[in-house]
Participant: 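Mind having a look at this structure? Questions to follow.
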Amino acid sequence: GITKIRNILTKLEFIPKSKGKGYLEVIVPSQRQDIKLEIDLIEEIARIYGYENVPITLPKINPDPTSLKRNLVLKIKNTLISLGLNEVITYSLISRDLLGDRTNTLAIEILNPLSKEQELLRPTLIPSLARVVAYNLNQRESYVNIFEIAKVFYKDSGQIKERWNLGIALCGRSTFYLSGEGGIREEFTPLYLKGILETLFRQLGIKDISFSFLDTGEIMISVRDKIIGLMKGLEKSFLERFAIKNKAVYVAEVALEKILPFVDLKKTFTPLPKYPGISRDISLILKEEIKVADLLPVIEEKGKPLLEEVKVVDFYQGKQIPPGFKGLTISCFYRLQERTLTEDEIKPRHAEILEVLKEKFSAQIR
């Protein structure tokens, strides 16, 4: 207690004085030049009292949100780079001409800009990414796949605020060669961008992701009904500002602060499956207003317990598809952990899935 501490200090020729309940003010003798800080006094007390008599306790650690965000940014960068994307770093200042009417109202003006290209603090990463896409196309690059994690700045209720956003931009098509198969061309599409985001969110432990079409043509990205970002194809009029012609550019932008509550970076081990699975594809035509997000849960429920995974592998519209409809190819993967499935087991279950697609969604099976 405080009495024992006072006695130890007194015997060491210190002069302790009471400064309220549980507090001491200590005068250090002139010959003890080694005592400079409070921790030095604590060490003297522990030395005499006996280190072995001091109870062991764990230090208090307050979670540091800055550290968590740093780990999140590092994880995002490593994941996107592993998916073949290239990181870019662009300026926070942009020209007013690069913003549309809707984002112009959010932009923060610079009082004394050095040039016309540095008039505003950007409220979005998309103009900066579009400029990088244009530069690479001018250098005769056949495809561009880039991302950036940076701050954006905007007005909110009259106050200037900033936040970290992730931006992704894809353009063009790539050609790669496989031995014995010749050249294979891979074109960037909205589904390609959607797949990148789904892979990223899966690596971050984020679940319940949904993609919803808006009347503006944009696709809203949500987690448990909370909007976290948007993805879209850039309008022709917008691309003309960057002299991008006859090219489609697809972009996505996600607010990192909004996904932070849903991130789970804990790793769990899943053993490799012992038994092979069987894949069956379904090609169908649906009314355009039917959401894929409503379709997949019905298939998953009907396929239990044999159906391990269901996903969209192709999306198409055009001359072969009637107006107001869309074409989909859905892959169903069947497997059990305890034994190998047989065709006789899968066939009736797959037939039931086809039947529910026809009855509930008026799907035309191709």
Participant: Roughly how far, to the nearest 0.5 Å, is the NZ atom of K360 from the CD1 atom of I290?
Facilitator: 11.0 Å

Participant: Will you find, in the side chains of T124 and E253, an N or O donor that is under 3.5 Å from an N or O acceptor?
Facilitator: yes

Participant: For E87, look at atom CD and say whether over 12 heavy atoms of other residues, nucleotides or ligands are found less than 6.0 Å away.
Facilitator: yes

Participant: Looking at K304, is its backbone amide N or carbonyl O close enough to the side chain of R349 to form a donor-acceptor pair, meaning the two atoms are under 3.5 Å apart?
Facilitator: yes

Participant: Whether the T90 and R131 side chains hold a donor-acceptor pair (N or O, under 3.5 Å, no angle test) is what I'd like checked.
Facilitator: no

Participant: Is it true that E235 and S237 share a donor-acceptor pair across their side chains at a distance under 3.5 Å?
Facilitator: no

Participant: For E44, is there an ion pair with R32 - N to carboxylate O distance below 4.0 angstrom?
Facilitator: yes

Participant: Could you walk me through whether L137 and V133 satisfy the side chain to side chain contact (heavy atoms under 4.5 Å, CB included) test, starting with their C-alpha distance in whole Å, then the side-chain angles of each, then the deciding distance to 0.1 Å, before giving a yes or no?
Facilitator: CA-CA 6 Å; L137 293 177; V133 171; 3.9 Å; yes

Participant: For K151, is there any backbone N or O sitting under 3.5 Å from a side-chain donor or acceptor partner on E162?
Facilitator: no

Participant: Take a 6.0 Å sphere around CG of L214 and say whether it holds more than 12 heavy atoms from other residues, nucleotides or ligands.
Facilitator: yes

Participant: Of all heavy-atom pairs between K207 and R224, which one has the smallest distance, and what is that distance?
Facilitator: O-NE, 4.3 Å

Participant: My understanding is that only residues two or more places apart in sequence, or in another chain, count here; which of them pass side-chain contact (heavy atoms from CB on, under 4.5 Å) with I48?
Facilitator: I8, L12

Participant: Side chains of R335 and T340: is there a donor and an acceptor less than 3.5 Å apart?
Facilitator: no

Participant: Does E141 reach the main-chain N or O of N138 with its side chain, forming a donor-acceptor pair under 3.5 Å?
Facilitator: no

Participant: Quick one: do the E345 and T342 side chains pair a donor with an acceptor below 3.5 Å?
Facilitator: yes

Participant: Strictly below 4.0 Å, N to O, side chains only: are K36 and D34 in salt-bridge contact?
Facilitator: no

Participant: Between C332 and I299, is there a side-chain heavy-atom distance shorter than 4.5 Å?
Facilitator: yes

Participant: Does F213 CZ have over 12 foreign heavy atoms under 6.0 Å away?
Facilitator: no

